[in-house]
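In what follows, a structure is listed as structure tokens, so that the remarks can point back to it.
Reckoned from all heavy atoms, side chains included, excluding hydrogens, waters and symmetry mates. Read the numbers this way: they start at 1 and go in the same order the structure lists the ligands and their atoms.
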Amino acid sequence: MRDAESPIRLSEYRPPDYLIDEIALVFSLEPQATIVAARSHVRRQADGVTPLVLDGKRLELQSVSIDGQPLTTEQYSVTPELLTIHAPPASFRLDVVTRINPAANTHLEGLYMSGGRFCTQCEAEGFRAITYSLDRPDVLARYAVRIEAAKEQYPTLLSNGNLVEHGGMENGRHFAVWVDPHPKPSYLFALVAGKFDAITDSFKTRSGREVLLGIHVDPGDAPRALYAMDALKRSMKWDEDVFGREYDLDLFNIVAVRDFNFGAMENKGLNIFNSSLILADADTATDADFEAIEAVVGHEYFHNWTGNRITCRDWFQLCLKEGLTVYREQEFSADQRSRATQRIKDVKRLRARQFAEDAGPLAHPVRPNQYQKIDNFYTATVYEKGGEVIRLLKRMIGADAFKRGMDLYFERRDGTASTVEDFIACFAETSGRDLSGFMRWYEQAGTPAVKARGVYDAEARTYHLTISQRVPATPGQPEKKPPPIALQIGLITQDGERLTTQLETESVAHEEHHVVLDQTQHTFRFSGVAKPPIPAIARGFSAPITIDDGLSVEERLAQMAHDPDPFTRWEAGQSIARAMMLGQTSTPAAALATALGRELDRAQEDSAFAALALRLPELSELILASDKPDPDRLYAAREALRREIATALRERLEPLARAKSETPFSASADAAGRRALKSAALDLLAALGAEQTDTFLAAYQNSTGMGETIAALEALGAAGSGEFQAALDEFYERWKANPLVIDKWFAVQAAAPREDAMARVEKLRSHPDFELRNPNRVRALAAAFAMRNPRAFHAADGSGYRFVARLAADIDAMNPALASRLLTPFESWRRFDSVRQGHAKAELERLAALPTLSKNAREMVERTLA
Ligand code: BES
Ligand code: ZN
């Protein structure tokens, strides 16, 4: 057995010794004793006779035979984690029977129960908790699955592929047989059994095939699945229109479950979702929920081509499916809503999560080269930076070569388990470029820091822009090479004129210049520059980098008002606010207030953009931007600026905040944008404190949808209003029967930046509705607190660290994957003063000293402490 300390390394990849072409599974479902009979057709690939080593997890073997002959005890050895057959023939039929206990499965991995229903989660290595298997993504098999269960309790029986047979059995049981014609790795296997309400619909593919769509939810929840169904149909259409990808089975099913470790899972033909990402209506869901549902339904559907038909050779290639699918999902959302605001939201998320990760002890390349537990590498870097890298690739080779590269990839790699190299080779071919330097984006951790300084010569009408880059050292990678950075440069004047200029590499003059910085430093020489220019270096956030452009507040104000690129306009405002909060400028706040007032004037055209502009940089961002951050001081500086702006704009903000809700409710992007502006107004007014309580109460009482209700509650919380508690009590009484809404009730309190934050979360921890076993409830308390309430989490007395670490320890005993994720906010611990560091370190060391700590959590703790 592998010793617990030695990591799995990319460099040690070896193809499997055996392959399984076909697998037939029979499940006899009982909550406490499910019997799984697996019949596999196994074929040797290795040269000589070699043992067949099958993975297991907490398994109990009932029997094992080869070609119908039970094995003698000399022919194999078995533990709950491993079944080794010492000298099997070159090709044979393997029968393995195991017994498992889904009711006792608190890991929510493998086969488990949620609300009395059976469901599975196999990615990354959960299939081995069902039966002994070659549980690795480069073993692709065709699956036939027979499910048997009590008919009364489990009327719905689902698995991957198409339903080929179903019927009754003796003793009140029934069965269904599912066959998936597409070979797949074991992590895409899924099974569901239970009592569900379903909504059904159909989709006609562009080649004319009819696909039956079903969404299965808890009884009574069906009307709340309509938005997800609509999003599914739009996803299917979009993938045909934009990527030329058609669906490939007669059925597509989605099941929503309340107990789920992640957001959702792309099992072939049978996606399983966290119910929080399926169920929505105006009364119970915020606009962020609708947006997330659309994005995640799209994401999991898009995996059918990027992940399922073309899968990963090994888990180091995770970004091959996840980064690419995040990119596809972001493009889908941009096309469904507003491209400009989508881009800003995606950048905000990248910076908040991935830049933080890249700057700390957990930094790793988009394609990591070693791991202890792959569960710990479903990270912002693999996902968000992985998505950015695809976007960057497209920028570098152009939309046409990118499209042809994608088509080539789909054609050439279909049905295979592939690598990042296989993927990039397609684009090297269609673009005719050498993309070897591009691989640095996959191999090197760290966010490139780009610095740009320009020199204008009025007489010569030239502008020389010197741009340099440096990739900071990260754990295990002291030295870096410069990755190719796409820059989208535009020059405007202080009065907002767009300058048409010519780079020495260009044959004609342009308003915008697309260049690539592939060295450490380069000077870009512009000619025909009629007036002093204000450069936007990376319009559209053209690469995942940080930029020091040395612009003055005055120049940024010009960008805010005039740059044609919405991202640049938004970023200019954020930079001014950041500089003011960090005390890096003496420009009075009034200048920013005036500029934001102009955004309000323009809000008619795009209220979603105005809402984003009004949201000043979060405290977590200021912490990341400071050397030895003092959260209390930064919080105070942020509030002071917000107060000045709210005071200056009060007459404009109050009517926005008090505006009656639009009826009837529409989940459209436009309506959501107007609600976002109202929420942003409430948020800014909260800086004025309890004097605005009446505004918040009016907003709370007049709200018609959940989004507006939560925005009002957040404002009451942030303003320190005494009425916060009464509103919470009322909210609880109204919604106590709806767990997804009660999750929001937990989260709004855990995230409220109040003096009593710690006391509140302590109290919620022992609230009768707090469930240690439900990941959504745990995240509503712990993740909302640690990630959205940094001042309380980083409290100088260590109470925030203690709360999260001890909660994680309690959860670790039953659900290591969840516990380990709760520990990510500790990644920033070394940035703080020695007192805070001392508290964080003590908590992490206390965890490390627990003899029972899971391998998942141990890896996180050790890397964080390293
Ligand atoms: N394949 C993942 C689900 C997954 C995540 C399996 C972690 C095993 C470990 C799925 O496609 C996914 O990426 N889900 C995300 C949501 C997505 C929209 C970013 C999730 O669950 O957070
Ligand atoms: Zn995914």
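- Between the OE1 atom of Glu322 and the NE2 atom of His303, the angle centred on the Zn ion (ligand 2) amounts to 100° when rounded to 10°.
- A donor-acceptor distance shorter than 3.5 angstrom exists from the side chain of Arg328 to the backbone of Phe302, with no hydrogens or angles considered.
- When only modelled atom types and interatomic distance are considered, Ser820 and Asn856 share no side-chain donor-acceptor pair under 3.5 Å.
- The closest side-chain donor-acceptor pair between His182 and Asn308, if any, does not fall under 3.5 angstrom.
- Distances from the Zn ion (ligand 2) to the N/O/S atoms of His299 are shortest for NE2.
- The distance from the Zn ion (ligand 2) to the nearest N/O/S atom of Glu266 is not under 2.8 Å.
- In this structure, a donor-acceptor pair under 3.5 Å is present between the side chains of Asp335 and Trp238.
- Checking Asn304 against Asp248 by side-chain atom types alone, a donor-acceptor pair falls below 3.5 Å.
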Enumerate, one pair per line, all nitrogen or oxygen atoms of ligand 1 lying under 3.5 Å from a protein nitrogen or oxygen, stating the separation to 0.1 Å; write 'none' if no such pair exists.
from, atom 1, to, atom 2, distance (Å)
ligand 1, 1 (N), Glu123, OE1, 2.6
ligand 1, 1 (N), Glu266, OE1, 2.7
ligand 1, 1 (N), Glu266, OE2, 3.4
ligand 1, 1 (N), Lys321, NZ, 3.4
ligand 1, 1 (N), Glu322, OE2, 2.9
ligand 1, 11 (O), Glu266, OE1, 2.9
ligand 1, 11 (O), His299, NE2, 3.2
ligand 1, 11 (O), Glu300, OE1, 2.7
ligand 1, 11 (O), Glu300, OE2, 3.2
ligand 1, 11 (O), His303, NE2, 2.9
ligand 1, 13 (O), His299, NE2, 3.2
ligand 1, 13 (O), Glu322, OE1, 3.1
ligand 1, 13 (O), Tyr383, OH, 2.7
ligand 1, 14 (N), Ala264, O, 3.3
ligand 1, 14 (N), Glu300, OE2, 3.2
ligand 1, 21 (O), Gly263, N, 2.5
ligand 1, 21 (O), Ala264, N, 3.2

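- A donor-acceptor pair shorter than 3.5 Å can be found between the side chains of Arg258 and Asn774.
- Two residues are said to be in side-chain contact when any heavy atoms from C-beta on lie closer than 4.5 Å; Pro365 and Thr381 fail this criterion.
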